[in-house]
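What follows is a short report on a single structure.
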Amino acid sequence: MPELRTRDVVVAICTEEEASLLFGVSRMEEALLWGMDYLNQDASKKGVRYRPVILRGNRPHLLVEAANRAGAHVLIATVTSSFAETLLPYLDHAGIAAVSPTVSSGVLAREGDLLFRTRSDSAQEGAFLGGMARSSGVARYVAVLGKTNFTFSGRLLARFREAVGEAPLRVFTVDDALSREELLVLLREEERLDGALLVLADYPMAMVAQQLRLFFPGLSLWIASLGVTERGSTLLGRFGEGAHCLLRASPDLLSGGHPFAVFLRERYAEQLEPVAVRSTFTALAMLDEAVRLGGPDRKGIIKGLRSLERVQGMDGPFTVDAAGDAHLPLYPATFRRGVWQVWDRIFFP
């Protein structure tokens with residue numbers, strides 16, 4: 001079979017610098033670069049080679065302008081939900097699509113726009129965790145949210161509160177670099193607590209969990225997926241015992257038999273985050289299928305992304321809805337002896 005003429009698809013990996021603590025920017029970028037290397041193995045057969053360009057900034061319009069100057073055909077946007085809201089009009093103006101492995105607010109599930117997402121709505125995560133809290137009989141709880149991504153955390157808290165049937169005693173909104181002294185000031189007025197909802201990046205999540213458990217031994221903890229990383233698990237240690245979360249990737253994803261997992265094990269000595277690998281591979285799988293369906297230019301990629309219905313992911317096939325959002329399995333888990341132990345696999349409609 002003759003080889004096809006290979007065309008480059010320039011992929012602008014656009015990162016919001018201020019969100020670096022939230023989802024490990026360097027690990028996301030590494031996973032994306034390895035993912036493109038993996039897809040480019042078949043470049044001569046498919047006639048398409050992905051060429052990455054890394055762009056970082058805190059102003060959406062400047063990122064899109066830089067992507068235009070680089071000749072990008074599509075963006076992979078590792079940004080917060082709040083940042084993505086301001087990015088949308090610039091995507092429309094430039095006529096370029098963005099696939100995000102990080103955005104997970106249902107506010108952005110809009111049919112017809114140019115943002116396509118790999119993550120389920122944070123409100124669904126909040127409802128699930130809130131249902132667990134209600135089942136355990138919790139009535140007196142606090143919520144600790146980060147300031148960086150309130151579009152995500154606000155929706156999660158609202159559905160958590162609705163599912164529990166009780167409002168939190170207090171809602172703390174804190175910086176990601178919250179100090180121990182600041183936390184002690186926040187907590188000093190609370191005499192009794194049953195539980196706490198933590199919607200924070202991994203480092204502040206672990207620090208807050210430690211102090212809460214010291215103040216209130218045996219306190220129930222519900223941790224948003226935002227803070228669940230290898231580093232977060234290490235920092236939690238014994239203070240995380242019995243905490244609950246909803247994982248966005250199975251902990252054994254990278255030891256499985258998917259060809260990309262094998263590819264990584266053969267070439268990459270360090271351990272990548274399972275959630276970073278699954279989220280970024282999902283974004284690239286959506287892009288690769290869109291190029292196959294619509295073609296390698298901007299208009300073709302937009303057409304292809306809007307045509308997606310079913311795509312093959314790392315943990316099986318997944319569907320893409322009319323708003324361009326992937327529906328992937330999630331994994332309820334409990335923290336036991338320093339690791340997250342999965343006890344189910346669920347899908348949200």
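Keep in mind that the numbers below use all heavy atoms, side chains included, and drop hydrogens, waters and symmetry copies.
Within the structure, side chain to side chain donor-acceptor pair (under 3.5 Å) contacts touching residues 234-246 (residues at least two apart or in different chains) are His244-Thr334. Applying the side chain to side chain donor-acceptor pair (under 3.5 Å) test to every pair with at least one member in residues 280-291, sequence neighbours left out, gives these pairs: Lys46-Asp288, Tyr50-Asp288, Glu289-Arg292.
The heavy-atom pair separating Met205 from Gly227 by the smallest distance is CE-O, 3.2 Å. Taking every heavy atom of both residues into account, Trp222 and Gly195 meet most closely at CZ3-CA, 3.7 Å. Between Pro60 and Thr86, the shortest heavy-atom contact is CG-OG1, 3.1 Å. Taking all atoms of both residues into account, the shortest heavy-atom contact from Leu308 to Ala290 is CD2-N, 4.0 Å. Listed here is the closest heavy atom pair of Ala163 and Gly131: CB-N, 3.6 Å. Here the shortest heavy-atom pairing between Trp343 and Met132 reads CZ2-CE, 3.9 Å.
In this structure, the side chains of Leu246 and Ser225 stay at 4.5 Å or more apart for every pair of heavy atoms. Residues Leu236 and Ile223 meet the side-chain proximity criterion, which asks for heavy atoms closer than 4.5 Å. Contact annotation: the side chain of Val53 approaches that of Val10 to within less than 4.5 Å [non-hydrogen atoms, C-beta and beyond]. Tyr141 places a side-chain heavy atom less than 4.5 Å from the side chain of Arg161. Contact annotation: the side chain of Pro101 approaches that of Ile76 to within less than 4.5 Å [non-hydrogen atoms, C-beta and beyond]. Using a 4.5 Å heavy-atom threshold, the side chains of Val74 and Val291 count as separate. Side-chain contact between Asp92 and Leu114 is present, with at least one heavy-atom pair separated by less than 4.5 Å.
With rounding to the nearest 0.5 angstrom, the CG atom of Leu88 is 5.5 Å from the CG atom of Leu115. Rounding to the nearest 0.5 Å places CG of Leu330 at 9.5 Å from CZ of Arg345. Atoms CE and OG1, on Met28 and Thr15 in that order, are 9.5 Å from each other to the nearest 0.5 Å. Rounding to the nearest 0.5 Å gives a distance of 4.5 Å between CD of Glu29 and CD1 of Ile54. Between Leu287 atom CG and His73 atom NE2 the span is 11.0 Å, to the nearest 0.5 Å. How far CG of Leu284 is from CZ of Phe260: 7.5 Å, rounded to the nearest 0.5 Å.
Scored by the ring pair (Phe, Tyr, Trp, His ring centres under 6.0 Å) test, Phe128 finds no partners at all (sequence neighbours excluded). A search for side chain to side chain contact (heavy atoms under 4.5 Å, CB included) contacts involving Val342 returns Leu247, Pro251, Tyr331, Ala333, not counting sequence neighbours. Applying the ring pair (Phe, Tyr, Trp, His ring centres under 6.0 Å) rule to Phe335 yields the partners Trp340; only residues at least two apart in sequence or on another chain are considered. In terms of the salt bridge (charged side-chain N to carboxylate O under 4.0 Å, His left out) criterion, Arg7 has no residue partners (sequence neighbours excluded). In terms of the side chain to side chain donor-acceptor pair (under 3.5 Å) criterion, residue partners of Arg278 (sequence neighbours excluded) are, by chain and number, Asp315. The side chain to side chain contact (heavy atoms under 4.5 Å, CB included) test applied to Thr319 returns Arg310, His327, not counting sequence neighbours. In this structure His93 satisfies the ring pair (Phe, Tyr, Trp, His ring centres under 6.0 Å) test with no other residue, sequence neighbours excluded. Legend: residues meeting salt bridge (charged side-chain N to carboxylate O under 4.0 Å, His left out) with Glu125, ordered by chain and number and at least two apart, are Arg248. With sequence neighbours left out, the side chain to side chain contact (heavy atoms under 4.5 Å, CB included) criterion links Glu65 to His61, Leu62, Arg69.
For the pair Gln41 (side chain) and Tyr38 (backbone), a donor-acceptor distance under 3.5 Å is present. Here the side chain of Arg265 pairs a donor or acceptor atom with the backbone of Gly256 at under 3.5 angstrom. Judged by distance alone, the side chain of Asp325 and the main-chain N or O of Asp321 form no donor-acceptor pair under 3.5 Å. With hydrogens and angles ignored, the 3.5 Å screen pairs no side-chain donor or acceptor of Ser122 with any backbone N or O of Arg155. In this structure a side-chain-to-backbone donor-acceptor pair under 3.5 Å is present from Gln210 to Leu235. A donor-acceptor distance shorter than 3.5 angstrom exists from the side chain of Thr78 to the backbone of Cys14, with no hydrogens or angles considered. In this structure a side-chain-to-backbone donor-acceptor pair under 3.5 Å is present from Arg213 to Leu219.
Leu254 and Val262 fall into different hydrophobic clusters, where Ile, Leu, Val, Met, Phe, Trp and Tyr are joined by side-chain heavy atoms under 4.5 Å apart, directly or via other members. Under a hydrophobic-cluster definition in which Ile, Leu, Val, Met, Phe, Trp and Tyr are linked whenever side-chain heavy atoms come within less than 4.5 Å, directly or via other members, Ile13 and Tyr268 are assigned to the same cluster. When hydrophobic clusters are built by joining Ile, Leu, Val, Met, Phe, Trp and Tyr residues whose side-chain heavy atoms come closer than 4.5 Å, directly or via intermediates, Val275 is not grouped with Leu33. Hydrophobic cluster membership differs between Val339 and Val277, with clusters built from Ile, Leu, Val, Met, Phe, Trp and Tyr side chains linked at under 4.5 angstrom.
Residues Arg27 and Glu230 are not paired through a salt bridge, judged by the lack of any N-O separation under 4.0 Å between the basic side chain and the carboxylate. The pair Arg140-Asp194 does not meet the salt-bridge criterion, since no charged nitrogen lies less than 4.0 angstrom from a carboxylate oxygen.
Within a 6.0 Å sphere centred on CZ of Arg59, heavy atoms belonging to other residues, nucleotides or ligands number 12 at most.
Under the side chain to side chain contact (heavy atoms under 4.5 Å, CB included) test applied with Leu55, the options Leu63, Val64, Leu75 reduce to a single match, Leu63.
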Residue pair Phe152, Val199: steps toward the side-chain contact (heavy atoms from CB on, under 4.5 Å) verdict: CA-CA 9 Å; Phe152 170 92; Val199 191; 3.6 Å; yes

Apply the test side-chain contact (heavy atoms from CB on, under 4.5 Å) to residues Val138 and Val164: give CA-CA distance (whole Å), side-chain angles for both, the deciding distance (0.1 Å), then the verdict. CA-CA 8 Å; Val138 167; Val164 171; 5.6 Å; no

side-chain contact (heavy atoms from CB on, under 4.5 Å) assessment of Leu226 paired with Leu156: CA-CA 11 Å; Leu226 183 67; Leu156 191 152; over 6 Å; no

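Ring to ring, Phe263 and Phe281 are not that close: their centroids are 6.0 angstrom or more apart.
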For residues 295-306, run the donor-acceptor check on the side chains, cut-off 3.5 Å, and write out each pair with its distance to 0.1 Å, sequence neighbours left out.
from: Asp297; atom 1: OD1; to: Gly300; atom 2: N; distance (Å): 2.7
from: Arg298; atom 1: NE; to: Ala72; atom 2: O; distance (Å): 2.9
from: Arg298; atom 1: NH1; to: Asn68; atom 2: OD1; distance (Å): 3.1
from: Arg298; atom 1: NH1; to: Ala94; atom 2: O; distance (Å): 3.0
from: Arg298; atom 1: NH2; to: Asn68; atom 2: OD1; distance (Å): 2.6
from: Arg298; atom 1: NH2; to: Ala72; atom 2: O; distance (Å): 3.0
from: Arg306; atom 1: NH2; to: Gly112; atom 2: O; distance (Å): 2.7

